[in-house]
2 protein chains.
Amino acid sequence: MNLSPLNERFVLHFGEMGSRWGVNRTVGQIYALLFISPKPLNADEIVEQLGMSRSNVSMGMKELQSWRLVKMVHLAGDRRDYFETPKDVWEIFRTLAEEKRRREIEPTLSLLRDALLDTPANENERHAQARMREMHDLVELASGWFDEVHRLSPETLENLMKLGAKVQKVLGFADKLRGNKDD
Amino acid sequence: MNLSPLNERFVLHFGEMGSRWGVNRTVGQIYALLFISPKPLNADEIVEQLGMSRSNVSMGMKELQSWRLVKMVHLAGDRRDYFETPKDVWEIFRTLAEEKRRREIEPTLSLLRDALLDTPANENERHAQARMREMHDLVELASGWFDEVHRLSPETLENLMKLGAKVQKVLGFADKLRGNKDD
DNA sequence: TACAATTTTCAATAATTACTGAAAATACAA
DNA sequence: TTGTATTTTCAGTAATTATTGAAAATTGTA
C-alpha cells in the first residue's frame with residue numbers, strides 16, 4: 001500500500017469496518033482513499049496506491065456508484081474515468097441513510113405488509129401475525145419519521161442535532177402541536 | 001423447516017436479511033422464530049423447528065445474547081435453558097441502535113480522534129486530516145444527538161415520530177431555544 | 001474503418017465464513 | 001461422589017464471498 005502513515009491508517013480502518021457496514025474490504029478502502037483525496041482519482045491511481053487488481057477496482061467502483069457514494073468525473077483531454085466522493089459530509093450522511101433504508105428496511109416492510117394480509121390459519125399464526133403487526137407499525141412509523149427528517153436542509157438538520165439537551169423541551173412544544181390538528 | 005406457511009415466510013425472510021444486517025442466516029432465523037413465538041423456546045425446539053444443528057443453535061444464541069436481543073429464562077422444574085425476545089418493540093429498537101452504535105460507530109470515532117492528534121507530515125496529509133475532521137465532527141454530532149433521543153421514553157419517542165409533518169414547525173421553536181442559552 | 005486506450009466481464013482460485021458432529025465441559029440430582 | 005441431562009467447544013468440512021488475470025467489450029481517435 002502506497003500511502004503516507006496517517007492516510008494508510010484511515011484507509012485500513014475503513015477496509016476493516018467495511019464488512020460491518022456491508023461492503024467488502026477493498027470497497028471500504030477505495031471509498032476511504034477517495035474521501036481523503038484532494039482530487040479525483042482514476043482507476044490506475046487507485047490500483048497503484050492500494051495495491052489491488054485493476055478488475056477489483058472496477059468492480060468496487062461499480063458498487064460504490066450503486067450506493068451513490070462516488071461519482072464519475074472527467075478531466076479535459078483525458079479519456080480515463082476519474083472518481084470522487086461528494087464533498088459535503090451531510091450529503092453523504094443522507095445518501096447513506098437513504099440507501100440503507102432502501103436496501104435494509106423496505107424489503108422487510110414489504111414482507112410485513114404482505115404477511116398482514118394473510119388470514120392466520122390457527123392460534124399460533126394468529127399470535128405470530130400480531131407480533132408482525134407490532135413490528136410493522138414501528139418500522140413504518142420510524143420510516144415515515146425518517147422521511148420527514150431527511151427532507152430537512154443540512155443546516156436545519158445540523159441545528160436539530162445541536163439542540164442536544166434541549167430535545168426534551170422541544171417535545172413539550174411538540175405535544176402542543178399534536179393537539180392542534182389543523183395547524 | 002417445521003413451521004406453518006406464514007411463520008416460515010417470516011423466518012426465511014429474516015434469514016435472508018440477516019446478512020445485510022451483519023448476522024448470518026441461521027442467527028436471523030432463530031431471532032425471527034423467537035420473535036413470533038408465543039412462549040420461550042429451548043434449543044431443541046429451535047433445532048426441531050428450523051432444522052439446523054444443535055451446535056449451530058448454541059452459537060447463534062450466544063451471538064443473539066451478545067446483541068442483547070434475546071434473554072435466557074428458566075421454567076419451573078425444567079433444567080433446560082429457554083430463550084425469548086423482549087416483548088416491547090420499542091425496547092428492541094433502542095437496544096439494536098445502541099449495539100450498532102457501539103460496534104459500527106464508536107471504533108471509527110475513536111480512530112478519527114486519534115488521527116486528529118497527529119501532526120500532518122505534508123500537504124497531502126494536511127488535506128486528508130481536514131477531511132477526517134469534517135467526518136469526525138459530523139459523526140460526533142449525530143452520535144451525541146442519538147444519545148439524547150435514546151434517553152427518551154418509548155412514549156415520548158413515539159410522539160416525536162408521530163409528529164411527522166410538524167417537524168419543521170418544531171424546529172422553528174428549536175431555534176428560539178437555541179438562542180436562549182440559560183433556559 | 002482500423003487502431004489504441006480503457007473499462008468490464010467472467011471463470012478460476014483464494015480467502016473467509018458458516019455449519020456440523022463428536023467430544024469435552026458443565027450443571028444438577030440421586 | 002457418580003451418573004445423567006444439557007450446553008459448549010472445536011476441528012473438519014461445506015458453502016459463500018472476494019480477488020485475480022486474461023479475454024472481451026467499449027470508447028474514442030487518427
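Residue numbering restarts at 1 for every chain, and letters A, B, ... go by the order of the sequence lines.
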Can you pull every protein N or O that's under 3.5 Å from an N or O on nucleotides 27-30 of chain D?
| from | atom 1 | to | atom 2 | distance (Å) |
| --- | --- | --- | --- | --- |
| D:dT27 | O2 | A:Arg79 | NH2 | 2.7 |

Which pairs, protein N/O on one side and nucleotides 14-20 of chain C N/O on the other, fall under 3.5 Å?
| from | atom 1 | to | atom 2 | distance (Å) |
| --- | --- | --- | --- | --- |
| C:dC19 | OP2 | B:Asn24 | OD1 | 3.3 |
| C:dC19 | OP2 | B:Asn24 | ND2 | 3.4 |
| C:dC19 | OP2 | B:Thr26 | OG1 | 2.7 |
| C:dT20 | OP2 | B:Ser53 | N | 3.0 |
| C:dT20 | OP2 | B:Ser53 | OG | 3.1 |
| C:dT20 | OP2 | B:Asn56 | ND2 | 2.9 |

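In this model, a donor atom of one side chain and an acceptor atom of the other lie less than 3.5 Å apart for B:Arg103 and B:Ser66.
Residue contacts shown for A:Asp44 are absent, as no nucleic acid heavy atom lies under 4.0 Å away. Note on B:Asn42: nothing from the nucleic acid sits closer than 4.0 angstrom, heavy atoms only.
Under 4.0 Å is where a charged nitrogen must lie from a carboxylate oxygen, and between B:Glu134 and B:Arg131 at least one such pair does. Ionic pairing of B:Lys100 and B:Glu104 is present here: one or more N-O contacts between side-chain nitrogen and carboxylate oxygen are shorter than 4.0 angstrom. Salt-bridge annotation for B:Lys39 and B:Glu84: absent, with no side-chain N of the basic residue lying under 4.0 Å from a carboxylate O of the acidic one.
Under a cutoff of 6.0 Å and an axis angle of 45°, A:Arg101 and A:Phe146 do not form a cation-pi pair.
Rounded to whole Å, the distance from CG on B:Asp78 to C1' on C:dA29 is 14 Å. Taking atom CD of residue A:Gln65 and atom P of nucleotide C:dT7, one finds them 12 Å apart after rounding to whole Å. Across the protein-nucleic acid pair, A:Leu75 atom CG and C:dT6 atom P stand 13 Å apart, rounded to whole Å. Computed from coordinates, the B:Met61 CE to D:dT9 P distance equals 14 Å when rounded to whole Å. Between the CD atom of A:Glu63 and the P atom of C:dT9 there is a distance of 14 Å, given to the nearest Å. Atom-to-atom, CD of A:Glu45 to C1' of C:dT7 comes out at 16 Å; the value is rounded to the nearest Å.
Proximity of B:Lys62 to the phosphate of D:dT9: a side-chain N or O atom is located under 4.0 Å from OP1 or OP2.
Counting only heavy atoms from C-beta outward, the side chains of A:Glu45 and A:Asn42 approach each other to under 4.5 Å.
Between A:Trp67 and A:Tyr31, a ring centre-to-centre spacing not shorter than 6.0 Å is recorded.
Below 30°, between 30° and 60°, or above 60°: for A:Phe93 and A:Trp90 the angle between ring planes is above 60°, a perpendicular geometry.
Grouping Ile, Leu, Val, Met, Phe, Trp and Tyr by side-chain contacts under 4.5 Å, direct or through others, leaves A:Met59 on its own.
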